[in-house]
Amino acid sequence: MLYPSIPTVPLPPFPSLAAVLRLLRRETAGGGSLLLTKQAHARAIVFGLHHHPLISSRLVTAYSLFGLPALSRLAFCDSASRNVLLWNSLLAALSHNASPREVLATFHRMRVCSHEPPDGYTLALVAKASSEIGDARIGRGVHALVEILGFGSDTVLGNTLMAMYFKCLRPNDARQVFDEIPVRSVASWNALILEHVNAGGTEHWELVREMQSEGFELDGFTFSTLLPLCAEGYAATDDLGRQLHCYILRHNVGMGSKLHIGSSLIKMYCNGGRTAAGRSVFDHELQRNVFTWTAMIAGYVENGDFREAIRLCHSMHSVDGIMPNEVTLVTILPAVGSLARLDFGKQIHGFASRRCSNSQSSLNNALIDMYSKCGSLATARHVFDDESWHKDGISWSSMISCHGIHGEGNEALKLFEKMCSLGIKLNHVNILGVLSACSRAGLVKEGMQIYSSLVGSHGFIPSSEIFSCMVDMLGRAGKLEEALDFIDSMSFEPKPSVWSSLFRAAVTHCNRDVQHLASEFLIHSEPENPSHYVSLSNLHASCGRWDGVELVRKSMEVKGLRKAPGLSWIDVNGMAHSFYVADKSHLCTEMIYKAVDCLSQEMKVACNCPVLDNEQMKREARTIQSDHRVSLTRLPGQANRLT
DNA sequence: ATAGGGTTAG
C-alpha cells in the first residue's frame with residue numbers, strides 16, 4: 001500500500017494530538033489545503049497517532065472532502081482500533097465519493113468485524129445508499145434493521161426511509177413510514193410533497209394545507225418544490241406564483257435558503273414569460289451566486305432576449321465577482337448561436353477549455369450547436385470528432401442537425417444510421433432533426449423511408465412538428481399533391497404549422513390554388529394572427545384581385561390586427577444593420593444591392609442553375625437563400641438574422 | 001433527511 005508523499009515541512013518541537021487535530025479541522029481540510037492534510041497525516045504516522053480512532057476518522061473525512069476515497073480508505077485501514085465513529089466516517093466518505101454498492105459492502109464488513117452495533121448515522125448512510133441503488137428488497141432490510149436496533153421512532157431516519165421507498169418506487173410503503181413517524185418535522189412534509197409533485201398529481205396543494213393545519217410553516221425547501229409549478233400563474237386569475245412570492249417576503253422565509261429561493265423565483269417568473277419580474281427579483285437580491293446569475297441568463301435566453309443574456313454573462317464577474325461555470329456556458333451558448341456571434345462563441349470555447357474539464361457532453365453539445373448556427377460546420381464537426389469525450393443522444397442529434405442546416409443531407413443520414421446502430425434511443429427531437437435535414441437537401445425518398453419505417457414498423461406516434469416537417473419536405477420538392485394527401489391521411493386535426501409549411505411550398509412553386517386553400521385554413525385556425533391575412537392579401541394582389549385585397553384589409557381593420565413588418569439584420573464589425581423588404585434607406589444601398597445580385601449569380605453557378613430572367617432570378621434567389629446562404633430565425637417581435 | 005441554474009428540432 002502506498003503512503004501519501006510526505007511533504008518536507010519541518011515538524012514543530014512538541015507535536016501533540018491537539019496539534020494534529022487542529023490541522024484536521026473541517027475548515028482546514030475543506031479550506032482547500034491538501035498539503036496541510038498530508039502534513040498532519042505524516043505527523044500522525046511518525047508519532048503513532050494514526051491508530052487513534054479520532055485522528056484516523058478526521059483523516060478519512062479530510063481526504064473525503066478532497067474527493068480522494070482511496071486515501072480515505074488508506075487512513076481507515078491503518079488504524080488499529082476501529083469504533084463506530086471511524087466506520088461512519090468511512091461510510092460517509094464512500095457515500096460522497098464512491099458507488100452506493102461500496103457503501104453497502106463496507107457496511108457488511110462493519111457488521112462482521114465491529115464489536116459495536118451501528119448507530120443512527122450509520123443507518124442513515126446505508127438507507128441513502130440503498131435508495132440510490134433503488135432496490136426495494138435491500139431497502140426493506142435496512143428498514144428492518146432500523147426497527148430491530150431501536151431507531152424506529154427517529155424522525156431523521158424516518159424521513160430517510162420514506163425518501164428511500166419513494167426512490168424504490170414503493171409509494172405506499174413510503175406513505176406508511178410517513179404516517180408512522182411519531183414526531184414529524186417540516187422535512188417529513190417536504191419530502192412527501194416533493195414526491196407528489198414529481199409524480200405529477202395535484203394533491204400537493206392539499207398536502208400543503210394539511211401541513212399548515214398541523215402547525216408547520218413552509219420553509220425554503222417547500223418553496224423550491226412549489227415555485228416551479230407556478231410559472232403559468234399570471235395567466236390565471238389567482239396568480240399563485242405572485243402569492244407565494246408575497247408569502248415568502250411577508251414571512252421572511254428561507255433562513256439559509258435565500259439563494260435557492262431567489263433562483264427559483266427568477267426561473268418561475270421567466271418561465272411564465274415575465275422576464276421583467278424575474279429581473280426585479282434578481283436586482284433586489286441581497287446575495288447572488290452562480291445559480292442566481294445562471295437562472296437570470298437562462299430566463300433571457302428562453303424569452304429570446306439574447307443580447308441582454310450576453311450582457312449579463314459579461315458583467316457577472318465585474319459586478320459580483322462570480323465566474324461563469326459549465327452550466328452558465330451551456331446556457332449562454334444557444335444565445336450566441338442565435339445571434340451568430342462567432343467571436344464571442346470562440347471566446348467561450350477558449351474559456352471553457354482553460355477552466356472546465358473537457359469531459360462534459362452537455363458543454364460540447366452546446367458548442368457544436370453554437371458553431372453550427374454561426375456557420376462554422378467544420379469547427380462543429382471538429383468538436384464532435386474529438387474522441388476524448390463521451391457522446392450522448394444530444395451530441396448525435398446536434399451534429400445531424402448541423403449537417404442538415406448546412407444542406408448536407410447525405411452526411412446527416414450517414415450519422416443518423418450510425419447513431420441508430422449505436423443503440424441510441426430515438427425521440428421526437430432527433431427524428432425531426434434528421435427529417436428536416438432530408439427536407440432541406442431534397443432527399444424526399446430517404447425521408448419518407450425513415451418516416452414510414454418508424455411509424456409503420458416501430459409504432460412511433462409522430463408529433464405535429466414531424467407532420468409539418470413531412471409536409472415541408474414534400475412541398476419544397478414541389479410535390480404539393482402528395483403533401484395534400486399526406487395532410488388528409490393525418491390522424492388528427494392539422495396544426496397551423498402544417499398549413500404554414502404547405503403555404504410556403506405553394507408560394508415557392510407558384511401554385512395559387514394550394515396557396516388559397518392553405519391560407520383559408522390558416523385564418524380559420526388562427527384568426528388573430530395578422531401574418532395570415534397579409535399572406536392572403538398578397539395572394540389576391542398577385543392575381544390582380546383588388547376587391548379581395550380590400551376585403552381582407554377591411555377584416556383586419558375590424559379585428560384591430562396590425563402586422564409588424566419583418567426585418568432582417570446583419571452584424572458588421574459589431575454594428576447591427578437592419579432591412580425591411582425592398583428597403584432602400586441604407587447609406588450603402590446601391591453597393592448592397594449590387595453585392596446581392598453578384599451573390600445570387602454566384603449561387604446559381606454553384607447550383608448549376610440555368611441563367612434566368614430578372615423575375616425568375618429573384619424568385620430563385622429567394623428559394624436558394626432560404627435554404628443555404630440566409631438562415632432566417634424569427635425572434636419574437638424582433639428581426640431576422642442573416643448569416 | 002428534503003431543495004436552486006443547462007445542451008438537440010421547429
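Side chains are part of it too, since the values below use all heavy atoms of this structure and drop only hydrogens, waters and symmetry mates. Here is the naming used below: chain letters follow the sequence lines, and residue numbers restart at 1 for every chain.
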Report the nucleotide, chosen from [options], that has the shortest atom-to-atom distance to any side-chain atom of [X].
X       : options                 : answer
F221(A) : dA1(B), dA3(B), dT7(B)  : dA3(B)
V327(A) : dT7(B), dG5(B), dA9(B)  : dG5(B)
P334(A) : dT2(B), dA9(B), dT7(B)  : dT7(B)
K167(A) : dT2(B), dG10(B), dT8(B) : dT2(B)
S263(A) : dA9(B), dG4(B), dA1(B)  : dG4(B)
I394(A) : dG5(B), dA1(B), dT8(B)  : dT8(B)
V290(A) : dG5(B), dA9(B), dT7(B)  : dG5(B)
K267(A) : dG4(B), dT7(B), dG10(B) : dG4(B)

Would you kindly check whether a donor in the side chain of [X] faces an acceptor in the base of [N], or vice versa, at under 3.5 angstrom?
X       : N      : value
N325(A) : dG5(B) : yes
S398(A) : dT8(B) : no
S257(A) : dA3(B) : yes

Is atom [atom1] of [X] surrounded by more than 12 heavy atoms (other residues, nucleotides or ligands) closer than 6.0 Å?
X       : atom1 : result
K258(A) : NZ    : yes
R242(A) : CZ    : no
M490(A) : CE    : yes
L286(A) : CG    : no

query: D369(A) and S398(A): side-chain donor and acceptor closer than 3.5 Å?
result: no

Base, sugar-phosphate, or nothing for [X], non-hydrogen atoms under 4.0 angstrom?
X       : value
E326(A) : nothing
T225(A) : nothing
T222(A) : nothing
S468(A) : nothing
N364(A) : nothing
L259(A) : base
N430(A) : nothing
A163(A) : nothing
N289(A) : base

In whole angstrom, what separates [X]'s [atom1] from [N]'s [atom2]?
X       : N       : atom1 : atom2 : result
L265(A) : dA3(B)  : CG    : C1'   : 13 Å
Y165(A) : dT2(B)  : OH    : C1'   : 18 Å
H260(A) : dA3(B)  : NE2   : P     : 9 Å
M473(A) : dG10(B) : CE    : P     : 11 Å
K391(A) : dT8(B)  : NZ    : P     : 18 Å
I248(A) : dA3(B)  : CD1   : C1'   : 13 Å
L194(A) : dT2(B)  : CG    : P     : 10 Å
H349(A) : dT7(B)  : NE2   : P     : 19 Å

- prompt: Would you call R184(A) and E214(A) a salt bridge, using N to O less than 4.0 angstrom?
  reply: yes

- prompt: So, E411(A) and R381(A), do they make that salt bridge, N to O below 4.0 Å?
  reply: yes

With a cut-off of less than 4.0 Å, is there a side-chain N or O of [X] near OP1 or OP2 of [N]?
X       : N       : result
K373(A) : dA9(B)  : yes
S188(A) : dA1(B)  : no
R440(A) : dG10(B) : yes

